Amino acid sequence: MDEALARQLTDSQRRAVFHMEGPLLVLAGPGSGKTRVITHRIAALIDSGVAPYNICAITFTNKAAEEMRQRALSLGGSAGAHISTFHSLCVRILRRYADRAAISANFSIYDQADQLRCVKQAVKDRYLDAANFPPARMLEAIGALKNKLRDAESFAQEACDFFSRTLADVYRSYQNLLSERNGVDFDDLLMKTAVLLRDCPDVCSELSNRFKFVLIDEYQDTNYAQYKIAELLVSQHSNICATGDPDQSIYRWRGADIRNIMAFESDWPDAVVIKLEENFRSTANILAVADNLIAFNRNRKHKKLIATKPAGESVVLTAYEGEHEEAEAVARQIIELADNGAKLNDMAFFYRVNAQSRALEEAFVRSRIPYQIVRGVEFYRRKEIRDLLAYLKILVNPSDEIALLRVINTPARGIGKTTIDRIRAYAEQNRIGLFEAVKRSGKIESLSKAARARLAVFANMIAQFQEDLGGQGLPRACRGVAPLASRVLDESGMAQSLGAAGADGEVALENLNELINSAADYDKQTEQPSLLDYLQQISLFSDADAYDASSDCVRLMTLHAAKGLEFENVFIVGVEEGLLPHERSSAAESEEDLEEERRLFFVGITRAIARLHISYARYRTVRGQQLRTIPSQFLFELGPDITEQTEGSDYDYDGIDEDQSVESESIADFIPGQLVRHDAFGLGRIEKFVDMGANSVVSVRFNSGQTKSLMVKFANLSKVDM
DNA sequence: CATAGCCGCCTTTTT
DNA sequence: GGCGGCTATG
């Protein structure tokens, strides 16, 4: 292990790193260097003679994996260690043990758009009304089941009420659709791997013996399936090292279960637990604000944030008139900071929902501030990109009907709905796949002569592309993905048709060229490039992976994407009720959802190194309508040590509607988040205020845990200032 | 069979 | 406000 780097670690970090054998849990707050502990541990393991081949590190994003790989490499050869996300690891395992997992190795990975299509189809196939069974909801429910390793059959057996039985039906149909198409969704990757390890002891022990040391970062955001995979992977040795921070768990909605990290010590009773409470990132002021906020979470183990840096500048909270004023002001501050020597790279802007990026973008464009939106998956959602990828997908996986339907008439080649319906009918009658039916179109009598000819041309074209591939759907080693993609772009007619489509077509072609460039990068960086591997890899791309630190510009991203990053200057915008906490979480009256929103804010705050600027707007345009906003209840939880600024009018929030009568105004100034005292119930916090003039009602959550609805005029509540 | 235009749906966060 | 699917028309 590198001595100079080792010296940078505190005593407890060093202990964490060097405690090699057996289970180890590193419970660490933000900015404590917990990821660094993993990196150093990898280096230390290798230094003590462990073969890199025997090490498996699991990160949360591909980007994090990439960084860890490089850092571990710089600490002394870690080449050969497996460092990836859970999902990438699962792809590797499922490809390797495809026969044992009862799938075919050339599976397509379906993203949420593909998943939604399949669920819609499944709902339709069950003759259900999409209005009563919204595909998005069904998909969410199916995902939740998969995360708990519940398959359609076992769920169907236990389903007793109408909704559950219907869900079970849809789940089963959906799964059938996927397997007919040789597709797996994101949750399947985890579930199939967990089930494989669980049900095939030989595979499990083989992998557990290969990965003699398993290290997992961001353990607080693992779901049950991931937990199970981890548990099975270390079944032969218990050499599991997990790091995480329960206060930074922000993926509960996706199945992440905070209990995994909470129960680590009982899962592995001989675990060594190391707490890293020192924060090496943020100023004391920023940490104090974070600490104040997170203390409002009741479902939490108290943890101290210990600052190692001086107080620094105070955290600034600003109220703006509208989202445009907010954006303009923020742009001015960028320029001011830059004038004082700050680098654009050191500035980041966080928001709750992606739609909020627009106002910022507009302002930055006007002010000529270079910016980058950290949103990698967006690129892959573009129509032209999906189209070209769909061509590549059917080459590898001809059963991928979704891909086939995407390209069969793209660009338009006279194969319309009628033709497709007839092919499908034929395919169903003969119990063959759609692509197989296309190949046999000459024998389909219902088709017109012209349609048959067009289909023959299409099938022939695909066959030509496929000739470039080895028999197994893998390209011959000598050929890369990029040349193939380029050839498909030209010969499919896509290039020509886009070239004739004017300005939009030009943009599309540029995007496609970018895709081909990235494929060329892949070809260069991969030892044995294969189309299958390429397609599966880019399916697992995440937003955070688009973060490119090398270009000098400011970053815009959601609070979720900010996880794991740090910036000198952080701006968190739009901290309003309904946005943060988001209405979809607090509306459910679930305290757990609310606490997750608070953690999300906490994550954002603790990204800041030196300066933190929090803001909200009094008016915000939502769905085209300008609405009065309410400052987030979280703003009242930041403590006294912040500097409040106003732009436009007063900071103090002055009621739901300024035009209210004087009489009701005196009552109406209870806003959610306000601390109040009640003679009988004690301290509480306003949750809801229903304005009915003199008969206004408030709902208050008291510290005793109970929530009461009270008439303001009788309750005799007194405001408590923080 | 293609295209244009209209209607209606969704709209949190993401591997 | 934006996209996707559906329908009417050429």
Side-chain angles (χ1 to χ4, degrees), chain A residues 58-65 84-91 109-113 115-117 120 124 130-131 134-137 139-140 143 146-147 184-191 193 218 221-223 225-226 249-256 350-358 374-378 380-383 409-421 448 450-451 454 497 536-546 557-563 574 578-588 593 596-597 599-601 603-604 621-626:
Chain A
I58 300 171
T59 58
F60 199 71
T61 63
N62 295 300
K63 188 86 199 167
S84 79
T85 63
F86 260 110
H87 285 82
S88 295
L89 174 66
C90 291
V91 167
I109 299 171
Y110 280 7
D111 67 10
Q112 81 269 51
Q115 290 174 44
L116 215 52
R117 279 178 110 93
K120 272 183 191 160
K124 217 166 133 190
R137 289 284 310 275
L139 190 58
E140 204 182 330
K146 286 184 176 179
N147 284 335
V184 298
D185 63 23
F186 289 124
D187 299 315
D188 279 336
L189 287 173
L190 301 175
M191 176 165 159
T193 305
E218 309 279 14
D221 276 321
T222 52
N223 62 28
Q226 290 166 324
S249 168
I250 53 175
Y251 285 95
R252 203 177 80 96
W253 52 275
R254 203 171 77 183
F350 304 153
Y351 37 78
R352 179 64 230 274
V353 304
N354 284 299
Q356 287 174 265
S357 69
R358 176 156 304 156
V374 180
R375 189 131 203 246
V377 293
E378 203 176 50
Y380 292 94
R381 281 201 198 117
R382 305 184 99 96
K383 184 185 180 306
N409 201 31
T410 309
R413 52 171 71 88
I415 303 175
K417 190 175 179 301
T418 318
T419 306
I420 288 167
D421 283 346
S448 70
R454 293 185 193 118
S497 119
Q536 291 181 339
Q537 273 198 27
I538 63 171
S539 301
L540 298 178
F541 243 70
S542 70
D543 279 346
D545 298 332
M557 68 192 88
T558 63
L559 285 160
H560 283 90
K563 174 174 173 159
L579 222 38
L580 186 69
H582 197 274
E583 57 189 348
R584 300 279 275 235
S585 32
S586 52
D593 285 341
E596 174 144 314
E597 295 287 309
R599 288 194 293 269
L600 194 52
F601 194 19
V603 166
T621 317
V622 183
R623 278 175 247 147
Q625 278 207 322
Q626 233 198 16

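The sequence lines fix the lettering, A, B, ..., with proteins before strands; numbering per chain opens at 1. In what follows, every heavy atom counts, from backbone to side chain, and hydrogens, waters and symmetry copies are set aside. As the structure is a computational prediction, the values presented were derived from the model and not from experiment.
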**Side-chain donor/acceptor of E596(A) to backbone N/O of R252(A), under 3.5 Å** = yes

**Request:** Among the candidates dT3(B), dC1(B), dT13(B), find the nucleotide nearest to the side-chain atoms of N354(A).
**Result:** dT13(B)

**Request:** Figure out the CZ/P separation between R137(A) and dT12(B), and round it to whole Å.
**Result:** 12 Å

**Over 12 non-hydrogen atoms of neighbours within 6.0 angstrom of CZ in R117(A)** = no

**Which nucleotide in dT15(B), dA2(B), dT13(B) has an atom nearest any side-chain atom of R352(A)** = dT13(B)

**Prompt:** Q356(A) has an atom CD; how far is it from atom C1' of dT12(B), in whole Å?
**Reply:** 10 Å

**Message:** I want to verify a distance call: between dT11(B), dT13(B), dC1(B), whose nearest atom is closest to the H560(A) side chain?
**Reply:** dT13(B)

**Request:** Indicate the ring-plane relationship of Y380(A) and F541(A), choosing parallel, tilted or perpendicular according to the 30° and 60° boundaries.
**Result:** tilted

**Request:** For the side chain of V353(A), starting at C-beta, report the closest nucleotide among dT13(B), dT3(B), dT15(B).
**Result:** dT13(B)

**Message:** Starting the side chain at C-beta, find the nucleotide from dC1(B), dG5(C), dT15(B) nearest to R117(A).
**Reply:** dG5(C)

**Message:** Heavy atoms from C-beta onward define the side chain here; which of dT15(B), dA2(B), dC1(B) lies closest to that of A412(A)?
**Reply:** dA2(B)

**Prompt:** Under the 5.5 Å and 30° test, is H582(A) stacked on the base of dT12(B)?
**Reply:** yes

**Asked** Does N147(A) place a side-chain N or O at less than 4.0 Å from the phosphate oxygens OP1/OP2 of dT15(B)?
**Response** no

**Message:** I need the CG-P distance between N62(A) and dT15(B), as an integer number of Å.
**Reply:** 8 Å

**Message:** Other residues, nucleotides and ligands only: do more than 12 of their heavy atoms fall within 6.0 Å of CZ on R358(A)?
**Reply:** no

**Item:** K146(A) NZ to dT15(B) P, straight-line distance once rounded to whole Å
**Value:** 18 Å

**Message:** Can you tell me if R358(A) touches the phosphate of dG2(C), counting only side-chain N or O atoms and a distance under 4.0 Å to OP1 or OP2?
**Reply:** yes

**Complete:** Checking dT14(B), dT3(B), dC1(B) against the side chain of Y251(A) (C-beta onward), the nearest is dT14(B)

**Request:** Look at the side chain of T558(A) and decide which nucleotide, out of dT13(B), dT15(B), dC1(B), has an atom nearest to it.
**Result:** dT13(B)

